[in-house]
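See structure below.
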Amino acid sequence: MKLNVTILPANITIAVPYGTNVLEAIRKAKVPFAAVCGGKGRCGKCLVEEVSGLAPATKREKKILKEQSAKDGMRLACQARIVKNATVTVPAARGMAESKAGLKGEEIWNIAPRFSLEKLEIPKASASEPASLTCRLKKALAEKGKEDVEISLNLLRRIATMSSDRIAVLIEGNRLVDVLEGDCEKPICGLALDIGTTTMAGYLVELSSGRQLSVAAMENPQASFGADILSRISSIRRKPENLQVLHQLLINGVNELIERVTDAAGVSREFIYDLVAVGNTCMIHFFLGISPQSLAVAPYHAVLEEAIEVRAPDLKIAINKNGLVRTLPIIRSFVGADTVGAILGSGMPNSRNPTLLIDIGTNGEIVLKTKDEMAACSAAAGPAFEGARILYGMRATAGAIDHVRVGDGSDFEIHTINGLPPKGICGSGLIDAIYASRLLGLMDGSGRILPKESVPGPLRHRVVPWGKGRAIVLTQESETEAGQPIILTQQDIRQVQLAKGAIRAGIEILMRELGLTINSLDRIILAGAFGSYISRESARGIGLIPPLPLDRIVSVGNAAGEGAKMALLSKDVYAESLMLARKVKYIPLSGREDFLRLYLKEMHFPEPPAF
Ligand code: FES
């Protein structure tokens with residue numbers, strides 16, 4: 001029996017078999033939606049509001065809803081079954097605000113794009129010199145310094161029908177790619193694309209000048225198959241057809257991004273001729289429609305590491321049909337094309353002194369450079385910094401606690417995104433909250449929340465019993481939207497310790513490999529949107545990054561996207577990316593005994609400064 005389900009606020013109605021769960025219906029309707037654990041009923045984050053038509057919640061669903069302190073009427077999309085014609089409301093897509101794309105804007109390098117536009121005037125044939133059209137066209141090209149340009153039969157047919165002698169030709173290498181009649185006044189564009197596991201960002205640039213025309217960011221549409229890459233890969237394991245589904249979701253998302261950037265700039269997508277994509281290894285595989293399953297089983301290798309170039313129609317990318325789609329190379333396994341982009345975009349190759357680059361996401365990619373060498377590793381940080389597996393964790397959207405500091409009254413001072421009543425806590429808030437808790441003496445170096453009686457008197461109300469342990473109260477119920485306190489549980493703190501221990505141990509391993517000590521380190525570069533929003537002081541204070549003076553720790557925003565832009569605009573930078581991927585020494589962490597030892601050690605928090 002088929003039933004109709006309507007998904008609000010998109011107002012999409014689709015037919016599904018009796019008993020289908022809401023998450024399957026949302027996926028079928030292609031509505032952006034985050035199912036952090038991929039629908040396994042573990043994360044409790046796939047909340048939707050039931051309007052009508054769902055089977056009563058099972059015991060298991062009720063338990064998870066209770067743990068999540070979900071409001072009445074909320075249901076778990078992956079658990080709730082459709083048993084009548086149904087209507088559900090999906091919360092507004094918790095996508096990343098465009099500002100979170102962390103763009104640097106108009107920075108320009110020596111611009112030498114792959115595609116160039118030449119305006120030509122084809123000399124007329126005369127009775128005394130009745131030269132062929134191709135002869136005259138080649139002469140006009142030669143006058144512009146373009147010798148031996150190949151002209152395809154199709155383009156020749158088009159040029160032959162043009163009434164004007166003035167044409168604009170688009171050239172790639174020694175190949176004529178396209179012809180436009182008259183003087184082309186529209187910008188010829190390229191798109192730099194950064195495909196993150198959580199968010200995708202696109203930068204539309206004019207190829208001749210490097211001018212950024214527009215930018216857009218959106219949630220990765222694969223989120224309904226899980227917040228992390230492993231959930232998405234395991235969905236292919238369970239059902240091999242999901243590879244095509246996930247590939248297509250990504251391509252549709254990229255095409256939507258293209259629509260957004262072109263709409264914003266008032267340019268037709270037909271004027272985009274080149275696209276350079278970066279992303280982690282798994283996202284590049286999904287983008288190209290290649291199964292990333294080998295990344296999930298030992299020895300965790302990729303199918304491909306090389307940079308790829310294909311014509312846009314081969315991937316169904318909605319730019320000019322003669323356009324090119326390129327990816328930057330992958331260094332190895334989990335050190336992907338986004339790291340190559342971040343190295344380029346952060347200017348790291350030019351630094352002569354020891355420099356550390358950290359891009360924190362679900363994986364922490366770490367690169368260390370000395371004068372002559374570069375090494376990289378990837379530390380599995382897990383999704384804690386994205387708010388997953390944290391009781392009140394949420395993405396960095398309106399109402400999220402994004403900063404916590406110790407205020408004048410020697411107590412927490414909370415800041416939320418857009419100044420709204422707090423709804424939850426995002427990654428930057430989490431790091432701050434833990435550091436502030438250390439400063440206030442609410443937790444010890446092992447991460448243990450101290451019993452009330454060991455806490456300074458005026459702060460005792462901040463420690464409450466929770467389950468078999470304790471929790472720290474960040475905001476009281478009267479301050480929050482849901483009328484419940486927002487707390488940091490012992491388990492939340494452990495999740496952060498696991499994440500920060502892995503990243504910091506990765507840093508220490510790279511330092512050992514290149515024979516460096518913290519004292520010899522000149523600069524730390526924090527890349528990525530998260531790196532832009534975390535407090536450098538708190539990151540240093542909880543031991544996530546080495547203890548360098550703050551003026552030697554810099555945030556550079558979305559360096560991976562910046563690197564893609566540079567490779568798009570400069571053939572030299574693109575060539576450098578190919579060389580870089582071979583030059584960077586990959587240091588695998590798994591199975592190393594010293595990594596395990598360091599991991600355990602680095603889970604501890606350093607002593608905070610006297611307060
Ligand atoms: Fe439903 Fe995780 S509990 S997606």
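Whatever order the structure lists ligands and atoms in, that order sets their numbers, starting from 1. Nothing here was measured: the structure is a model prediction, and the numbers come from that model.
Between Thr20 atom OG1 and Leu3 atom CG the span is 8.0 Å, to the nearest 0.5 Å.
Proximity of a side-chain donor or acceptor of Ser428 to a complementary backbone N or O of Asp402 within less than 3.5 Å is detected. Under the 3.5 Å distance criterion, the side-chain polar atoms of Lys500 are matched with a main-chain donor or acceptor of His604.
Around atom 1 (Fe) of ligand 1, the protein atoms of type N, O or S found under 2.8 Å away are Cys46 SG, Cys78 SG, listed by chain and number.
The pair Glu219-Arg395 meets the salt-bridge criterion, since a charged nitrogen lies less than 4.0 angstrom from a carboxylate oxygen. A salt bridge between Arg504 and Glu508 is present, with a side-chain N of the basic residue lying under 4.0 Å from a carboxylate O of the acidic one. A salt bridge links Glu305 and Arg332; the closest N-O separation between the charged side-chain nitrogens and carboxylate oxygens is under 4.0 Å.
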